[in-house]
Number of protein chains: 2
Amino acid sequence: MTAHAHPSGPTGADAVDALLDRLRASGGRVTPARRAVLEVLVEAGAEHLAADELAARVHASAPQVHLSTVYRNLESLEEAGVLRRARLGEGPASYHLSADDHHHAVCRRCGVVIQVSADALGPVVAALAREHGFRAEPRHLTIDGVCAACAR
Amino acid sequence: MTAHAHPSGPTGADAVDALLDRLRASGGRVTPARRAVLEVLVEAGAEHLAADELAARVHASAPQVHLSTVYRNLESLEEAGVLRRARLGEGPASYHLSADDHHHAVCRRCGVVIQVSADALGPVVAALAREHGFRAEPRHLTIDGVCAACAR
DNA sequence: CTTGATGCAAATGGTTTGCATGTTT
DNA sequence: AAACATGCAAACCATTTGCATCAAG
């Protein structure tokens with residue numbers, strides 16, 4: 001049978017399976033806790049989740065999964081290239097799937113967030129390569145500034 | 001007399017006084033602890049110092065200055081625009097004078113830090129202004145990547 | 001003399017770790 | 001059966017805070 005009763009539907013379930021494959025390919029094991037973490041992440045889409053928020057959502061379907069397990073899983077999944085950890089400003093780190101990659105420009109006055117494509121950084125990446133041989137792979141930068149509305 | 005017995009020489013002492021003036025202008029008070037913190041920072045130049053490393057150097061001349069005071073002073077001085085706090089990769093934040101402004105490219109493998117001039121971000125800043133009217137004033141970006149040595 | 005700064009100790013918050021046990025391969 | 005993952009509690013580390021005292025303006 002192809003129809004599963006997952007709340008996120010067959011597409012979400014398939015996505016989770018694909019990610020678990022990548023985990024396994026990188027030497028990790030597939031466990032219920034890891035599946036649950038990925039389900040939450042797939043469900044969250046581009047939303048940024050802190051570890052404890054993620055754990056809270058995991059607890060909805062798997063209450064026994066400990067926060068420390070979530071941390072360990074996030075670490076393994078990041079090593080497998082499945083997800084990214086971002087340190088946005090202060091407070092806890094946040095996580096999202098590698099598929100939802102992007103950068104941020106944040107207004108210092110009103111806090112509005114503008115998503116910045118990876119392409120926008122092309123010139124900087126090129127300059128670093130040319131001048132320092134540095135292979136930049138910017139993943140999650142936050143650019144500080146003032147938005148159009150607040151600037152006037 | 002123009003010759004002072006400061007190890008950093010008259011230029012360093014003048015620099016510290018100028019920075020203290022900015023502090024005072026922004027409503028802060030000038031204290032021995034704050035002077036000591038700035039002396040260390042001026043001496044360090046473009047070097048990145050973590051709070052506890054900074055405290056250790058302050059202790060060379062002022063052993064009674066507490067680490068919590070250093071933290072509070074760093075906060076005040078950042079608010080006065082005198083210095084910048086940067087979160088490079090993992091571990092503690094590091095600090096440097098605003099005069100030594102720059103961004104960072106950090107190697108994900110060996111942790112080496114390459115300083116990137118503010119100019120390098122010109123194209124990105126321009127693109128944000130053109131496309132979103134966003135006035136970017138990037139202060140301490142950290143660009144992730146792999147350095148020349150680790151890439152080979 | 002008033003307000004802000006300091007030293008200290010103790011609390012905080014996010015994250016990591018040691019260990020005994022359970023699970024995946 | 002071997003290697004790895006988990007739950008739990010406890011450790012850890014960078015940073016913050018409450019409070020009584022002190023010093024700068």
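So you know, we letter chains A, B, ... as the sequences are listed, proteins then strands, and number each from 1.
Residue-level contact check: A93(B) touches the backbone only, with heavy atoms under 4.0 Å from sugar-phosphate atoms and none from bases. As judged by a 4.0 angstrom heavy-atom cut-off over every strand, S76(B) is placed among residues making no nucleic acid contact. Residue contacts for A50(A): at a heavy-atom cut-off of 4.0 Å it reaches no nucleic acid atom on any strand shown.
The separation between N73(B) atom CG and dT16(D) atom P is 13 Å, rounded to whole Å. The distance from atom CD of E75(A) to atom P of dT6(D) is 12 Å, rounded to the nearest whole Å. Atom CG in L67(B) sits roughly 15 Å away from atom C1' in dT12(C) (whole-Å rounding). Atom pair R87(A):CZ and dT15(D):C1' shows a separation of 12 Å (rounding to whole Å applied). The distance between atom CZ of R85(A) and atom C1' of dT15(C), rounded to the nearest whole Å, is 8 Å. dA5(C) atom C1' lies 14 Å from atom CD of E79(B), rounded to whole Å. Nucleotide dC4(D) holds its P atom 13 Å from the CG atom of L23(A), rounded to whole Å. E53(A) has its CD atom 12 Å from the P atom of dG14(C), to the nearest Å.
For residues 143-152 of chain B, the set of pairs meeting the salt bridge (charged side-chain N to carboxylate O under 4.0 Å, His left out) definition, not counting sequence neighbours, comprises R139(A)-D144(B), R108(B)-D144(B). Under the side-chain hydrogen bond (donor to acceptor under 3.5 Å, both in side chains) criterion, the residue pairs touching residues 110-127 of chain B are H102(B)-Q115(B), with sequence neighbours excluded.
A salt bridge is defined here as a Lys NZ or Arg NE, NH1 or NH2 lying under 4.0 Å from an Asp or Glu carboxylate O, and R35(B) with E39(B) fails to meet this definition. R87(A) has a carboxylate O that lies under 4.0 Å from a charged side-chain N of E90(B), or vice versa, which qualifies the two as a salt bridge. By the 4.0 Å N-to-carboxylate-O rule, R57(A) lies close enough to E47(A) to be salt-bridged with it.
Dashed line: the shortest gap from a side-chain N or O of T69(B) to OP1 or OP2 of dG7(C) is under 4.0 Å. Contact annotation: Y71(B) reaches the phosphate of dT15(D) (side-chain N/O to OP1 or OP2, under 4.0 Å).
No path of Ile, Leu, Val, Met, Phe, Trp and Tyr side chains, each step under 4.5 Å between heavy atoms, connects L141(B) with L88(B), placing them in separate hydrophobic clusters. Hydrophobic clustering (side-chain heavy atoms under 4.5 Å, transitive across Ile, Leu, Val, Met, Phe, Trp, Tyr) keeps L128(A) apart from V106(B).
For the helix from dT12(C)-dA14(D) to dT25(C)-dA1(D), the terminal axes (five pairs an end, C1' atoms, rotation from four pairs onto the next four) enclose an angle of 30°, given to 10 degrees.
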Please encode protein proximity along nucleotides 19-25 of chain D as a string of B, S and -, counting only heavy-atom distances under 4.0 Å. ----BBS

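Non-hydrogen atoms lying under 4.0 Å from DNA chain C are contributed by Q64(B), V65(B), H66(B), all within residues 58-66 of chain B.
Each of E90(B) and G27(B) has a nearest nucleotide on DNA chain C; the 5'-most of these lies closest to G27(B).
In terms of the side-chain contact (heavy atoms from CB on, under 4.5 Å) criterion, residue partners of E78(B) (sequence neighbours excluded) are, by chain and number, L83(B), R85(B).
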